[in-house]
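Side chains included, hydrogens not; waters and symmetry mates left out as well; all remaining heavy atoms used.
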Protein chains: 2
Amino acid sequence: MANRFISKLNGYAPLGKADIAVLEAATAKPRDYPAKFDLIREGDRPGPVFVMLEGWACRYKILPNGTRQVLAFLMPGDSCDLHIGLLAEMDHSIQTLVPSVVATIPRAEMDAIMDGHRAIAKAMYVGQLIDEGTMRAWITSMGRRASIERVAHLMCELYIRARAIGAADERQLALPLSQLVLADALGMTPVHLNRVLKELRLKGAMTLKRGSLVVTDPSKLVQIAGFDDNYLHRRLRTAA
Amino acid sequence: MANRFISKLNGYAPLGKADIAVLEAATAKPRDYPAKFDLIREGDRPGPVFVMLEGWACRYKILPNGTRQVLAFLMPGDSCDLHIGLLAEMDHSIQTLVPSVVATIPRAEMDAIMDGHRAIAKAMYVGQLIDEGTMRAWITSMGRRASIERVAHLMCELYIRARAIGAADERQLALPLSQLVLADALGMTPVHLNRVLKELRLKGAMTLKRGSLVVTDPSKLVQIAGFDDNYLHRRLRTAA
DNA sequence: CGACATTTTGATCTAGGTCAACAAAAGTGG
DNA sequence: CCACTTTTGTTGACCTAGATCAAAATGTCG
């Protein structure tokens with residue numbers, strides 16, 4: 001398969017040769033971006049559809065009091081903001097976390113592709129549904145899970161997602177996210193996150209080192225998280 | 001306009017006579033449901049598209065430890081789960097909060113309608129984008145706002161949404177949500193919510209009585225919430 | 001009226017925040 | 001390649017927002 005975007009979509013709905021060819025053409029000229037580069041900012045007019053081919057990015061929002069909330073992580077294969085061109089302006093920003101390779105598909109082209117290729121449209125909708133499920137899981141985590149459960153839950157999510165795109169092996173996963181960024185995603189303090197990570201390490205569930213996550217004891221991690229992969233299940237079952 | 005669903009969609013994308021007629025037909029035979037009735041449960045195969053015509057409902061999830069997280073409120077005009085038929089099972093439940101009138105549109109019919117009526121498709125997509133923006137606002141609230149800000153923010157959201165469908169007057173809004181349900185939506189304890197409501201009342205920002213919200217001082221409420229209606233703005237600008 | 005659900009208040013406790021300092025990496029410029 | 005600044009991670013001491021527990025007051029409805 002040409003790239004992770006295509007293979008991810010193919011996992012959601014089987015694509016034909018023509019589908020793959022048109023997606024290859026659309027993502028043929030990606031650009032390199034440095035780390036901490038805003039692909040688009042809150043208040044901007046929505047532009048093209050972004051497709052992450054390599055690297056990591058996050059959606060985030062800055063609050064009046066200066067704090068930041070990370071809303072989602074984007075990893076290779078992920079795309080964003082289907083249809084968002086219908087809205088007047090972005091309600092959040094998207095920033096690379098590490099040097100990344102990103103393709104952009106103009107809105108009109110994306111619409112045309114989806115009109116002409118039902119399988120692609122279907123796969124994109126599945127992807128969007130999964131993203132929505134992920135958002136619901138985040139709301140649930142923030143509202144009703146203790147900090148250690150929340151951390152464990154996010155790590156389960158990232159591990160499963162990475163597995164699904166073949167970016168993780170049995171126990172290990174490259175995870176270039178600083179504790180500061182993770183804390184902003186989890187709605188907690190970097191200091192407290194650090195302590196929670198220590199606790200998870202001492203419990204033998206997982207170890208987060210600079211740049212990589214080692215899942216020492218998957219079942220223990222899942223149990224701490226109260227993780228139910230229903231919202232990601234389909235991804236697992238059908239991903240290539 | 002025939003019903004709030006149609007007038008809401010018409011606010012998102014101008015509908016023609018034929019569009020309106022087909023929507024009228026599709027929602028012509030709604031059903032009455034009592035309060036606390038599960039329209040669909042976590043684990044169920046997704047069924048038809050639900051359209052709230054009268055009443056209130058919420059999406060929610062029950063956690064292993066028995067606590068509940070409310071994920072969204074549905075008010076008249078709201079519909080849910082476009083495309084969700086593509087997924088194997090629901091990752092959350094939807095329950096009426098008061099006796100409600102709900103129309104169901106079979107998935108195949110909805111697809112056909114959207115294929116044949118681009119304006120309706122567009123309006124549905126706008127609605128979905130707004131719902132996504134709302135979810136992002138909830139994540140932000142849960143992660144980075146203090147409890148009083150969070151409460152104020154949710155009340156702003158509900159007020160604006162109610163205004164947009166003509167269900168609120170200048171300062172008042174029928175809001176049949178118990179403090180228990182609100183607490184489950186805000187990720188806090190009913191006890192603490194009660195104290196926060198008292199504080200908001202004493203500050204002269206708003207009063208929540210049984211079944212109705214009175215916004216005493218809108219600008220104060222907005223200021224406490226740090227409310228930026230960008231994510232609902234389009235709804236306001238374009239709603240009828 | 002009686003049973004039950006919701007709201008309100010008080011007393012106490014704790015998870016997680018805040019503040020501060022230091023250590024370890026990782027850039028950066030000469 | 002080395003000082004040097006900046007970012008990231010780690011730990012300790014202390015504090016507070018919000019949870020928990022308990023009980024009374026108020027509403028609602030069959």
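- Straight-line distance from the CG atom of B:Leu186 to the P atom of D:dA19: 10 Å, rounded to whole Å.
- Atom pair A:His192:NE2 and C:dT14:P shows a separation of 15 Å (rounding to whole Å applied).
- We find that CG of B:Leu180 is positioned 14 Å from C1' of C:dC4, with the value rounded to whole Å.
- Using a 4.0 Å heavy-atom cutoff across all strands shown, A:Gly211 reaches no nucleic acid atom at all.
- Here the straight-line distance linking atom CG of A:Leu39 with atom CD1 of A:Ile94 works out to 6.5 Å at 0.5 Å rounding.
- Using a cutoff of 4.0 Å between basic side-chain nitrogens and carboxylate oxygens, B:Lys8 and B:Asp78 are scored as salt-bridged.
- One N or O donor and one acceptor, one from the side chain of A:Arg195 and one from the base of C:dT18, sit under 3.5 Å apart.
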>> Using salt bridge (charged side-chain N to carboxylate O under 4.0 Å, His left out), reason through A:Glu199 and A:Lys203 one step at a time and then give a plain yes or no.
In response: CA-CA 6 Å; A:Glu199 199 179 339; A:Lys203 286 192 170 172; 3.7 Å; yes

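- Among the atoms of the strands shown, only primed sugar atoms or phosphate atoms (P, OP1, OP2) are found under 4.0 Å from some heavy atom of A:Lys36.
- With D:dT8, D:dT11, D:dG18 as the choices, the nucleotide that has an atom nearest any side-chain atom of A:Asn194 turns out to be D:dT11.
- As a whole-Å value, the separation of A:Leu97 CG from D:dT8 P is 11 Å.
- The nearest whole Å value for the distance from the CG atom in A:Leu197 to the C1' atom in D:dT11 is 14 Å.
- In this structure, NZ of A:Lys209 is placed 14 Å from P of D:dG9, rounded to the nearest angstrom.
- Closest to the side chain of A:Arg201, from the set C:dG16, D:dT10, D:dA19, is D:dT10.
- One interatomic measurement links the two molecules: CZ of A:Arg145 to P of C:dG16, which rounds to 13 Å at whole-angstrom precision.
- Of the candidates D:dC21, C:dT18, C:dT6, the closest approach to any side-chain atom of B:Val191 belongs to D:dC21.
- Going from atom CD1 of B:Ile148 over to atom P of D:dA17 covers 12 Å, rounded to whole Å.
- Proximity note for A:Arg210 (side chain, C-beta onward) versus D:dG9, D:dG18, C:dG16: the nearest is D:dG9.
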